[in-house]
Amino acid sequence: MAELHFPDETAATGGIRNFSRRAFLRGTGGLALGIYFAPLLGRGSLAGAAGDFEPNAFLRIGSDGLVTVIAKHVEMGQGSYTGLATLVAEELDADWGRVRVEGAPANTELYKNLAFGLQGTGGSSAIANSFEQMRKAGASARAMLVAAAAEQWRVPAEQIGVRQGVVEHAASGRKAGFGELAEAAARQALPADVKLKEPKDFGLIGRQTLPRTDSPDKTDGSAVFTQDIHLPDMLVAVPLHPPRFGASPAKVDASKARALPDVVAVVEYPGDEHRFAGVAVLARNTWAAIRGRDALQVEWDESKAFRLGSAEILARYRDLAGQPGKVARDEGDAGGALERAARRIDAEFEFPYLAHAAMEPLNCVVRLDEGRCEIWNGEQWQSGDQRLVAQLLGIAPEHVSITQLYAGGSFGRRANPHSDYVLEAVSIARAARDQGLKGPVKMVWPRENDTRGGHYRPLFLHRASLGLDEEGRLTAWQHRLVGQSFMQGTPFESVMLKDGIDKVAVEGVDNLAYAVPNLRVELHLAQDIGVPTQWWRSVGHTHTAYAAETLIDEAAQAAGKDPYQYRRALLDRQPRHLGVLDLAAEKAGWTSALPPGAQGERRGRGIAVHESFGSFVAQVVEVTLKPDHSYTVDRVVCAVDCGVAINPDVIRAQMEGGIGFALSAAMHSAITLKDGVVEQSNFHDFQVLRLNEMPRVEVHIVPSAEAPSGVGEPGVPPLAPALANALFAASGKRIRRLPIGKQLQA
Amino acid sequence: MIKLNLNGKDHEFDAPGEMPLLWALRDVAGLTGTKYGCGMALCGACTVHVDGQPTRACVTPLAAVAGKQVVTIEGVAGQPAGKAVQEAWRKLDVVQCGYCQSGQIMAASALLSANKNPSDTDIDSAMSGNLCRCATYVRIRAAIHEAARSLA
């Protein structure tokens, strides 16, 4: 797969140039699904009807006046459907209560992410890359509705206004809803250029609360996730994966599984270094398939299996950390400055593998037909999946259609650069078809497969040394990282890997915001580690922010300075960092004392600031250390600068959620291996945050006129270091290995 | 045939008694609002009410609910607490990915049916078995208080 170069090769899909979305759906049988599921969806079908106004690929207005926004980005919780619809509706002057959203089909040309040139969601880029595109889509539709009204009413278009879904000519008192004008608007010429609103005229963008478009169907059980798809003649496939990465079935005894009621077939299928080979049981319902999976007796060929444990991987990384790595950043002379330093801080950090562990375990629905493949999925990576499925099946990419459903969380997992679980589902469907089973197949990974499924946030080891002069000023920072690259062997390699440096392995430390005259960052990319790894909400920042923001805290302590003021002094040329840092400190009451705890308790407060994905976030965490050295996280004050705040309430929600997600990893979660076998399987041993551990959260948004940047990930990185700094303030102990677990009680 | 009352109507399941209620609801009755998350009663995504009690459908055999009243997310609006919880969830925009929210709403409405004015501690103990990886916990707490106010 290393030969893939998407940016050039998407030209190969030129066959679908000028393909309208409707024709595309028709051509691949997508309409059949619309009909089948119309009663289930209940809030508008998947494709339009005659008389609809479809001015561009991003919206459709029905004769009933309903505005349907076609979302090129998946809704996996981060509010992208609401955000994209806000942008369209703002310029359209639509009635928010009459706006619906549906997922776009796979079509790179129409729906590419303008940040990557490929169709997919990630890097907290959904709203940033769509800001102008979606507003133009709305504005041109508005212009055509106005032109239609002007023609019908024989008045100049300039005299016509639009407000909340109503087109109006004030002088004559004539009015019409969008639905009444839809058919006539469809006959108008597409405007060559449209003028977008001035920010002062925004009515929806920036409104403090604008109801999410997905709240109604996610609160009454009618939202459709991949897990909920049920098609005629569909079989449910539950796979048995090998216990070690790289193994494959050698001998399969499926007699007991086949004998179970409702089990229809058992299939073997091949994998490769990026996806499982395995055995899948296909049954008429999920429970029968799970029981069938449990009844399989399989001997595995482990000749190519990976057999190291986490301890051995760490030992290898420690060896590497003792040797010079490839240089990612070199300013001044860090080595020399360290030798001259009055004081040194030397630290080693360990970060474990982490599973994404979305609430919806991985799954995918596939229907194969002669030369065609239809997929239903919480689809985060259309261009890649479409291309790799086509390659696996030996068909044209435009003959792979994908219906983008809600994803029950992803945190990056559903955008796999090797399309691992999607190709596995296709492999199972193909193996079933070879046995004469032509119906659709829904592959369902049980939770244990999901936990043990690899493609983790990579395990990382950092070794860092900081030097301070007599006055406590930071003079040197030397930082060496060791870990796996998940960009190697993917279409991203040519962009993200330069001279042995994987940008996302060092992001957050190679661009350190603090003014340090001597900075050297080195990287070792570990080879021959057979644990598949992948981006995980906030990617490299998950570990670099922790190391950097706890180290700067140690430097402040060594200098005898307040950690907030020490940071301020080193950020005097970073106005946006300073903006959020000052706001968080002010709102948290940093300069006043923390209220004391109960008898025997100690309180602590910590701060951190970090930029990721173009957004700036600072957080202040307050903790209470109990007499038994357990602790509670009581309060988090968060300040965010993400440019123009399009949906303030979604931004607040993403900060709250990012904080909770980061707390899971900081406090509890780790994937560990022993002899190559993942030791965790479900939520009892891969522990995540529960409601009783969630602190109070206060979010403050910095007013800004800068271009909008993302919020899905940037809330995550500062939390763990701010927490560790708070725990240091309370306990005097520095934590250099995550998760924190019971280290304070040791 | 296993008979029970499902969302206020008598219902007969043509399914084995040992099939977990979760899969009977989803794959046999076609009620897909109740979600699969872990299969071991660890996450609460499959929470339904059995005779008013919050119950993990993934570890409850269908036979164990024969003759009982089962309410799922599709039917919870028929109860005052369920309706109030759904409305509070919408008012505060609790949901993110939404996958766990059926279970959250079922657990919260069972709590409010039993306790009209729950404290934060009551909420912690009633809701800590329901995982949310999007960590919508801050708003879940607030929405339960909001629903309690609307029921008062």
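Note that the structure is predicted; figures quoted are calculated from it, not measured. Lettering follows sequence order; numbering is per chain, from 1. Side chains are part of it too, since the values below use all heavy atoms of this structure and drop only hydrogens, waters and symmetry mates.
- In this structure, the portions of A:Ala357 lying under 4.5 Å from any heavy atom of chain B include both its backbone and its side chain.
- When all heavy atoms of B:Cys38 and B:Ala41 are compared, the closest pair comes out as SG-N, 3.6 Å.
- Among A:Ser664, A:Pro211, A:Ser681, A:Gly660, the residue making the largest number of heavy-atom pairs under 4.5 Å with chain B is A:Pro211.
- Of all the listed residues (A:Arg690, A:Arg447, A:Gln78), the one sharing the greatest number of non-hydrogen pairs under 4.5 Å with chain B is A:Arg690.
- Counting only distance, with no hydrogens or angles, the side chain of A:Gln404 and the backbone of A:His73 share a donor-acceptor pair below 3.5 Å.
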Evaluate the criterion side chain to side chain donor-acceptor pair (under 3.5 Å) for residue pair B:Asn7 and B:Thr72; output intermediate values, then yes/no. CA-CA 7 Å; B:Asn7 292 328; B:Thr72 70; 3.0 Å; yes
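- Side chain to side chain, A:Thr86 and A:Asn647 meet the donor-acceptor criterion of an N or O pair below 3.5 Å.
- Residue B:Leu131 touches chain A through both its backbone and its side chain, counting heavy-atom pairs closer than 4.5 Å.
- Both the backbone and the side chain of B:Ser128 have a heavy atom closer than 4.5 Å to some heavy atom of chain A.
- Heavy atoms closer than 4.5 Å to chain B are found in the side chain of A:Ile290, but not in its backbone.
- Neither the backbone nor the side chain of B:Leu31 comes within contact range of chain A; no heavy atom of the residue lies under 4.5 Å from a heavy atom of that chain.
- Contacts with chain A were tallied for B:Ala45, B:Gly37, B:Ser102, B:Gly75; B:Gly37 has the most, counting heavy-atom pairs under 4.5 Å.
- A side-chain donor-acceptor contact under 3.5 Å links B:Thr47 and B:Arg56.
- Note: A:Leu235 CG to A:Arg284 CZ = 7.5 Å, rounded to the nearest 0.5 Å.
- For A:Tyr406 and A:Tyr81, the gap between ring centers is short of 6.0 Å.
- Cation-pi geometry between B:Arg26 and B:Tyr36 is not met at under 6.0 angstrom from the ring centre and within 45 degrees of the axis.
- Comparing A:Gly658, A:Pro446, A:Gly79 by heavy-atom pairs within less than 4.5 Å of chain B, the highest count is held by A:Pro446.
- You'll find the ring centres of A:Phe661 and A:Trp536 inside the 6.0 Å limit.
- The candidate from B:Ile73, B:Asp124, B:Asp93 with the greatest count of non-hydrogen atom pairs under 4.5 Å with chain A is B:Asp93.
- Of the atoms belonging to A:Met76, it is backbone heavy atoms, and not side-chain ones, that fall under 4.5 Å from chain B.
- Heavy-atom pairs under 4.5 Å with chain B peak, among A:Arg291, A:Gln654, A:Glu448, A:Glu693, at A:Gln654.
- At a 4.5 Å heavy-atom cutoff, the contact between A:Pro695 and chain B is made by backbone atoms alone.
- Of the two parts of A:Phe683, the backbone and the side chain both hold a non-hydrogen atom closer than 4.5 Å to a non-hydrogen atom of chain B.
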